[in-house]
Amino acid sequence: MDTYILIPLLPLAAFVVNILLGKIILKDKAHWVAIPAVAGSFTLAVQTFLEVMDGKVINQDIYSWIVSGNFKVTIGFLIDQLTAIMLIVVTSVSLLVHIYSVGYMHGDKGYYRFFSYLSLFTFSMLMLVLGNNLLQLYFGWEAVGLCSYFLIGFWYEKKSASDAGKKAFIVNRFGDFGFGLGVILIFLSLGTIHYADIFSGIGGLQGKTIYMLGYEVDLITLIALLLFCGAVGKSAQIPLHVWLPDAMEGPTPVSALIHAATMVTAGVFMVARFNPVFNLSPVAMAVVALTGAVTSLFAATIALVQNDIKRIVAYSTVSQLGYMFLACGVGAYGAGVFHLYTHAYFKALLFLGAGSVMHAMSGELDIQKMGGLKKHMPVTYWTFLIASLSIAGVPGLAGFFSKDEILWMAYNGGTVGKIVWAIGTVVAALTAFYSFRIIFLAFHGTFRGTHEQEHHLHESPASMTVPLLLLSIGAVAAGWVGIPELLGSSLGVGNWIAHFFEPALGHPSAHGTHEEEWMVIGISIAAAFGGIFLSWVFYSLKPEIPKTLAANFRGVYTTLWNKYYVDELYDAIIVRPSLWVAKNFLIPVTDGTIIEGIVNGIPRAIGEFGEKLRKLQTGYIQHYAMSMAIGLFILFALVLMAQAGQ
């Protein structure tokens with residue numbers, strides 16, 4: 001048996017063992033099953049990655065899932081350069097999150113259940129990235145959504161957590177509806193759902209159109225946009241971004257695993273995987289690029305004024321995902337996935353660092369009530385600082401290499417590319433600003449919390465700090481595999497990861513001059529350091545400035561604080577009307593009349609019939625004798641009538 005099959009099966013086995021035996025036998029030892037399983041998957045993922053580096057590509061069907069006439073669906077694996085890097089990201093981050101969770105979830109009554117869900121999620125995400133057909137992708141797609149619902153609402157007795165879980169699940173249904181239509185349209189158009197057949201046959205659909213709502217629409221564009229609907233929901237892009245910030249109600253390890261490194265990147269992975277489809281539709285490409293750019297700017301501006309440390313990082317995730325789609329939209333799929341890869345480490349580090357702060361602050365999330373944590377939590381501080389420097393795009397750290405690759409490719413992407421490059425550069429400055437706003441408010445200055453909180457300040461246990469240290473290595477070193485050609489030529493090295501991705505994702509050529517590339521890099525670096533400097537001025541040197549600006553620009557501040565009132569808008573146009581219709585029509589008709597009529601009506605009819613039948617059981621012998629006599633008389637009459645008829 002090929003060992004790569006075990007990569008998803010080991011976490012699945014851990015889930016089965018923990019969910020069946022965890023409550024009675026394993027209890028607080030559930031991690032002894034989950035961690036070795038994910039460690040095994042990581043080891044096999046590294047082995048598989050090395051094989052792909054040597055040129056091996058696997059496209060193999062394992063099991064015939066559905067066979068109906070000419071329609072055949074298999075459970076199969078496609079392991080190429082894109083899959084290989086995703087396997088490393090998913091298994092490595094999942095392993096570190098599992099280890100971190102031992103300390104973070106210690107003493108929780110649902111300890112075994114938490115590790116069960118983590119393992120099931122890891123299995124689902126691995127099946128998503130490994131699949132070689134659309135139905136298997138869709139299975140993993142929906143399974144990670146289900147696991148997200150379980151994990152976001154893990155503390156289901158807390159209303160805000162259960163509401164957040166439902167919100168994530170419901171919002172994703174909107175995007176997944178479009179995604180499902182895209183899958184169906186591909187099958188109806190090409191007669192297959194296997195990647196290899198889709199990519200070889202999609203060119204034959206060029207020029208074909210379909211009538212939709214009275215308009216003639218390009219078929220490939222429609223397919224691409226329907227698929228992108230799923231990516232918009234899963235990767236929290238405008239207008240379906242509203243679920244991800246609320247998802248911070250789940251345990252912090254969930255935020256690090258699902259909402260930083262894996263599930264939310266599924267949309268980026270899917271767009272990159274279907275690059276042969278998107279490349280044939282300039283309209284779809286422009287939509288992807290502009291959606292990513294606008295979302296990136298939108299989320300970054302909201303993060304400027306939030307005080308909840310996890311929500312700031314959450315909006316940062318939405319913004320960085322926009323960066324990835326921006327890259328895919330200008331054809332730089334490799335750059336987008338490269339940023340996905342580096343982002344996984346520095347963003348997981350930010351979330352787990354935030355969790356470490358919460359652990360020390362007895363669950364406190366408001367950075368305005370922190371301060372001076374550096375001296376109490378040195379490991380958390382330095383690792384959080386490294387992650388912040390990386391996401392800000394400071395040269396030498398992972399985020400710098402992947403972010404600048406995106407900006408350079410966008411700059412070379414024509415008119416749309418120039419627009420999204422300008423937006424991306426502004427976002428780079430905003431990202432540096434709000435990232436270091438956390439640093440200066442939470443870790444520097446004087447402590448602003450309660451005396452009791454200050455008394456209990458302490459560094460997190462080794463089970464939490466060791467993953468922070470390991471992730472900080474990734475936040476620094478992960479980007480060095482993608483040194484730009486301009487810089488690498490002087491060092492004698494090339495952009496290794498761009499060449500690695502080329503067979504699966506292509507590598508668009510940049511037509512700009514070296515002078516232009518130096519300009520793009522210089523502006524990007526200036527934006528990063530400018531954002532950091534401005535944050536230092538605002539929150540360390542002259543802390544009265546933010547209050548003055550908030551007072552002078554009350555309307556802008558209030559709009560950002562309320563997240564552009566998008567949730568309120570949805571509540572007004574979707575939630576309240578839906579509840580009104582349900583309360584006044586659906587519940588009275590479906591529940592009150594139909595369901596109640598069936599559920600209660602049938603038993604009521606049986607009861608009434610029984611009441612009437614019960615009157616025949618009087619207990620008097622003469623009544624029974626009379627009944628028997630009448631019966632015999634009727635039977636005798638029927639026999640006589642039958643004979644007369646003959």
Side-chain angles (χ1 to χ4, degrees), residues 158 160-161 164 241-242 244-252 255-256 259-260 298-320 347 350-374 376-377 380-381 384-385 387-388 391-392 430-450 452-454 457 531-532 534-568:
K158 181 182 176 185
S160 58
H241 65 284
V242 292
L244 195 145
D246 285 9
M248 298 305 104
E249 292 291 340
T252 297
S255 304
H259 308 118
F298 175 85
T301 55
I302 294 174
L304 294 175
V305 302
Q306 301 301 308
N307 289 326
D308 184 316
I309 187 171
K310 286 178 65 176
R311 285 183 183 270
I312 297 172
V313 181
Y315 278 108
S316 170
T317 298
V318 176
S319 182
Q320 295 302 304
K347 185 52 62 65
L350 286 171
F351 271 120
L352 295 186
S356 181
V357 170
M358 289 173 60
H359 183 77
M361 293 284 297
S362 303
E364 180 62 65
L365 290 165
D366 190 344
I367 57 175
Q368 299 291 351
K369 298 178 181 179
M370 299 178 189
L373 299 182
K374 175 183 176 182
H376 300 284
M377 310 179 68
T380 300
Y381 168 73
F384 202 95
L385 177 62
S388 299
I391 193 174
L430 296 178
T431 302
F433 179 85
Y434 66 68
S435 296
F436 275 81
R437 176 172 176 260
I438 299 176
I439 294 291
F440 293 124
L441 286 178
F443 293 97
H444 290 267
T446 58
F447 187 74
R448 299 179 298 278
T450 66
E452 184 179 355
Q453 286 175 327
E454 186 174 19
L457 288 176
I532 295 172
L534 201 61
S535 186
W536 173 72
V537 172
F538 275 37
Y539 299 102
S540 184
L541 184 63
K542 296 184 177 181
E544 70 277 4
I545 292 180
K547 296 178 182 178
T548 304
L549 288 175
N552 293 338
F553 299 94
R554 175 59 58 183
V556 174
Y557 175 81
T558 304
T559 300
L560 296 180
W561 174 259
N562 289 285
K563 299 156 286 189
Y564 292 96
Y565 298 98
V566 175
D567 280 296
E568 288 78 3

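Computed from a predicted model, the values in this text were never measured in an experiment.
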dist L534:CG -> L430:CG (nearest 0.5 Å) comes out at 10.0 Å

Side-chain (S535) to main-chain (G531) donor-acceptor, under 3.5 angstrom: no

To the nearest 0.5 Å, atom CZ of R437 lies from atom CD1 of I532 at 16.0 Å

Set out, in order, the CA-CA distance, both residues' side-chain angles and the distance that settles side chain to side chain contact (heavy atoms under 4.5 Å, CB included) for V566 and H241, then state yes or no. CA-CA 10 Å; V566 175; H241 65 284; 3.9 Å; yes

Requested in this report: State whether the number of non-hydrogen atoms from other residues, nucleotides or ligands found under 6.0 Å of E544 atom CD is greater than 12.
Outcome: yes

Checklist line | Full working for side chain to side chain contact (heavy atoms under 4.5 Å, CB included) between H359 and V357 | finding: CA-CA 5 Å; H359 183 77; V357 170; over 6 Å; no

Closest non-hydrogen atoms of E364 and D366, given as atom of the first, atom of the second and distance, are OE2-N, 3.0 Å

Rounded to the nearest 0.5 angstrom, the CE-CD1 distance for M248 and I312 is 12.5 Å

Original post:
Are L373 and T380 side-chain neighbours, meaning at least one heavy-atom pair lies under 4.5 Å?
Top reply: no

Hits for ring-ring contact (aromatic ring centres under 6.0 Å, His included) against F433, two or more places apart or cross-chain, chain-then-number order -> F538, Y539

For F553, the side-chain contact (heavy atoms from CB on, under 4.5 Å) test, sequence neighbours excluded, returns L549, V556

Side chain to side chain donor-acceptor pair (under 3.5 Å) filter on Y565, not counting sequence neighbours, yields N562

Contacts of S319 meeting side chain to side chain donor-acceptor pair (under 3.5 Å) (sequence neighbours excluded), chain-then-number -> S296

For D567, the salt bridge (Lys or Arg N to Asp or Glu O under 4.0 Å) test, sequence neighbours excluded, returns K167

Contacts of D308 meeting side-chain contact (heavy atoms from CB on, under 4.5 Å) (sequence neighbours excluded), chain-then-number -> K310, R311, L365

Heavy atoms of P245 and A314 approach each other most closely as CA-CB, 4.0 Å

If you look only at distance, which donor and acceptor atoms sit under 3.5 Å apart when one is on a side chain in residues 441-450 and the other is two or more places apart or in another chain?
unit_1: H444; atom_1: NE2; unit_2: Y381; atom_2: OH; d: 3.0
unit_1: R448; atom_1: NE; unit_2: Q368; atom_2: O; d: 2.8
unit_1: R448; atom_1: NH1; unit_2: T446; atom_2: O; d: 3.4
unit_1: R448; atom_1: NH2; unit_2: I367; atom_2: O; d: 2.8
unit_1: R448; atom_1: NH2; unit_2: M370; atom_2: O; d: 3.4
unit_1: R448; atom_1: NH2; unit_2: L441; atom_2: O; d: 2.6
unit_1: T450; atom_1: OG1; unit_2: Q453; atom_2: N; d: 3.1
unit_1: T450; atom_1: OG1; unit_2: Q453; atom_2: OE1; d: 3.4

Those residues at least two apart in sequence (or on a different chain) that pass side-chain contact (heavy atoms from CB on, under 4.5 Å) with S435 are S388, I391, T431

Across all chains, not counting sequence neighbours, the side chain to side chain donor-acceptor pair (under 3.5 Å) partners of K158 are E249

Exercise. Do W536 and F440 pass the side chain to side chain contact (heavy atoms under 4.5 Å, CB included) test, and can you show the C-alpha distance, the side-chain angles, and the key distance before you say yes or no?
Worked result: CA-CA 7 Å; W536 173 72; F440 293 124; 3.6 Å; yes

Backbone N/O of V313 and side chain of T317: donor-acceptor pair under 3.5 Å
yes

Please report, to 0.1 Å, the donor-acceptor pairs under 3.5 Å made by any side chain of residues 299-306, with sequence neighbours excluded.
unit_1: T301; atom_1: OG1; unit_2: L297; atom_2: O; d: 3.3
unit_1: T301; atom_1: OG1; unit_2: F298; atom_2: O; d: 2.7
unit_1: T301; atom_1: OG1; unit_2: Y564; atom_2: OH; d: 2.8
unit_1: Q306; atom_1: NE2; unit_2: L560; atom_2: O; d: 3.3
unit_1: Q306; atom_1: NE2; unit_2: W561; atom_2: O; d: 3.4

The side chain to side chain donor-acceptor pair (under 3.5 Å) partners of Y315 (sequence neighbours excluded) come to none

Salt bridge (Lys or Arg N to Asp or Glu O under 4.0 Å) filter on K369, not counting sequence neighbours, yields none

